[in-house]
Protein chains: 2
Amino acid sequence: MVEDVVRTLGFLCMGSRLRRIGERLQADTQQVIDEAGLSIQAGQYPFLAAIDRAGPLTIGELAQAVGITQPGATRTTGQLLELGYVDMQPAPDDQRRRLVSLTDKGQELVDHSKKVIWPRIAAAVADLCGDFDGPILEQLAAIEDGLAVAPLARRSPVKEEG
Amino acid sequence: MVEDVVRTLGFLCMGSRLRRIGERLQADTQQVIDEAGLSIQAGQYPFLAAIDRAGPLTIGELAQAVGITQPGATRTTGQLLELGYVDMQPAPDDQRRRLVSLTDKGQELVDHSKKVIWPRIAAAVADLCGDFDGPILEQLAAIEDGLAVAPLARRSPVKEEG
DNA sequence: ATTTAATTCATAACATGTTATATAACATCC
DNA sequence: GGATGTTATATAACATGTTATGAATTAAAT
C-alpha cells in the first residue's frame with residue numbers, strides 16, 4: 001500500500017485535497033440523484049437553485065451566484081436549455097443581457113428536488129461532516145473570506161526586504 | 001450583488017464548494033510558484049514529492065499516492081518526462097510496470113522546493129486555515145475516512161423498508 | 001452625432017479530472 | 001505448455017473548469 005502523499009503533506013497540498021474531496025462528494029451526490037431517477041447533473045443544480053431563489057438571472061449573475069467564470073455559466077446554461085429546464089430571452093432594456101428563467105418543467109424539478117432529494121443529500125453530507133467538533137461550514141466560509149482579503153501569495157511571503 | 005448560492009445552500013453544495021475552494025487555492029499556489037520562477041505546475045508537485053518520499057514508483061502507485069485515477073497519472077507522468085524531471089524504465093521483474101524515478105534535475109527541484117517554496121506555501125495555507133478553532137486537516141481526514149466507510153448514497157437514505 | 005470605450009455573452013483553445021476500452025505482459029489451469 | 005484470465009499501462013472520448021479573445025450592444029466623450 002502506497003502512502004497518500006496529498007494527505008501526508010497536509011497544508012502544502014490543501015488545494016489538491018479539497019478538490020479531490022469535492023470531486024468525490026459530487027460523484028457521490030450524482031449517485032443519489034441517479035438512484036432517484038432524475039436526469040440532471042449534480043453540477044447543474046446550483047444554477048436552478050439560484051434562479052429559484054432570486055428569480056430570472058443573467059448569465060453573468062448566474063456565474064457569480066454559483067462561483068464560476070462566465071464561459072462556464074454559458075455552457076451549463078446551454079445544457080439546461082437543451083434539457084428544457086430553463087428558458088432564455090434578451091433583457092428588455094439591454095439586448096446584451098440574456099435573462100435565464102425556469103420553465104415549468106424546471107420549476108417542477110426544483111420543487112420535487114426540494115422535497116425529496118435535497119434534504120436527503122444535505123442530511124447525508126451533514127452525517128458525514130457534522131459530527132466533528134469544528135463547524136466545517138463556518139471554517140470554509142472563513143477560508144473563502146480569507147482568500148478574498150489576501151491571496152496566498154500575500155501571506156507569509158519570503159522576507160525580501162531587509 | 002448576487003447571492004452566493006453554493007455558500008447559502010451549505011451542506012447541499014458541499015462538493016461544489018470544496019472543489020471551488022480547492023481550485024482557488026491551487027491557482028493561488030501556482031502564483032507563488034510562478035513568482036519564485038519555477039517552471040512546474042502545482043498539480044505536478046505531489047508526483048515529485050511522492051517519488052522523493054518513497055523512491056521510484058510505478059504509474060499505478062503514483063496514481064494511488066496522489067489520489068487520482070491511472071490515466072491521470074499516466075498523463076502527468078508524461079508531462080514530467082517532457083520537462084525532464086523524471087525518468088521512466090520498465091521494472092526489471094515485470095515488463096508491464098514502468099518505474100518512474102526522479103532525474104538529477106527533478107531531485108534538485110524537489111530539494112530546492114523543500115527549502116524555499118514548500119514551507120512558504122504551507123505557512124500561507126496554515127495562516128489561512130489554521131487560526132480557527134477546529135483543526136481542519138483532521139476534519140478533512142475524517143471526511144475522507146467517512147467516505148471510504150460509507151458513500152453518501154448509503155447515509156441517511158430515504159426509508160425504503162418499513 | 002459620430003467616434004471611442006466599456007460591458008455582456010459566445011466561442012476557441014487549453015488543463016486536468018473522469019470512464020471505457022485496447023494492448024501487452026504476466027499468471028494460471030487443465 | 002498453450003488457452004484463458006488478470007493486471008498494468010496507454011489511449012480515446014467526454015466533463016467541466018480555466019484564460020484569451022471576438023462580436024454585438026450600450027455608454028460616454030468630444
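Order of the sequence lines sets the chain letters (A, B, ...), proteins ahead of strands, with each chain counted from 1.
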Nucleotide nearest [X] when distance is taken to its side chain, options [options]:
X: B:T76; options: C:dG17, D:dT25, C:dT11; result: C:dG17
X: B:P71; options: D:dT11, D:dG17, C:dT8; result: D:dT11
X: A:T69; options: C:dA25, D:dT18, C:dT16; result: D:dT18
X: A:I59; options: D:dT9, D:dT18, C:dC9; result: C:dC9
X: A:R75; options: C:dA10, D:dT18, D:dA10; result: D:dT18
X: B:R98; options: D:dG17, C:dC9, D:dA10; result: D:dA10
X: A:R96; options: C:dA10, C:dT8, D:dT9; result: C:dT8

Integer-rounded Å distance: [N] [atom2] and [X] [atom1]:
X: A:L83; N: D:dA15; atom1: CG; atom2: P; result: 12 Å
X: A:R97; N: D:dA27; atom1: CZ; atom2: P; result: 9 Å
X: A:Q30; N: D:dA15; atom1: CD; atom2: P; result: 12 Å
X: B:R24; N: D:dT16; atom1: CZ; atom2: P; result: 23 Å
X: A:Q41; N: C:dT19; atom1: CD; atom2: C1'; result: 13 Å
X: A:F47; N: D:dT16; atom1: CZ; atom2: C1'; result: 10 Å
X: A:Q26; N: C:dT18; atom1: CD; atom2: C1'; result: 12 Å
X: A:L25; N: D:dT16; atom1: CG; atom2: C1'; result: 17 Å

How do B:T74 and A:G67 order along DNA chain D: which one's closest nucleotide is nearer the 5' end?
B:T74
Taking the nucleotide of DNA chain D with the closest heavy atom to each, which residue, A:I68 or B:D94, is nearer the 5' end?
B:D94
Atom pair [atom1] ([X]) and [atom2] ([Y]), whose distance is rounded to the nearest 0.5 Å:
X: A:W118; Y: A:T29; atom1: CH2; atom2: OG1; value: 12.5 Å
X: B:R20; Y: A:I68; atom1: CZ; atom2: CD1; value: 10.0 Å
X: B:D4; Y: B:R17; atom1: CG; atom2: CZ; value: 7.0 Å

I'd like to know if B:Q70 reaches the base of D:dA10 with its side chain such that a donor and an acceptor end up less than 3.5 angstrom apart.
yes
Can a salt bridge be assigned to the pair A:K115 and A:D111 using a cut-off of 4.0 Å between side-chain N and carboxylate O?
no
Heavy-atom check, side chain of A:T8 versus side chain of B:R53, under 4.5 Å:
yes
Shortest non-hydrogen contact from B:Q107 toward B:L102:
OE1-CD1, 3.2 Å
Base, sugar-phosphate alone, or nothing: which one does [X] contact when heavy atoms must sit under 4.0 Å apart?
X: A:G60; value: sugar-phosphate
X: B:Q95; value: sugar-phosphate
X: A:R19; value: sugar-phosphate
X: B:Q79; value: sugar-phosphate

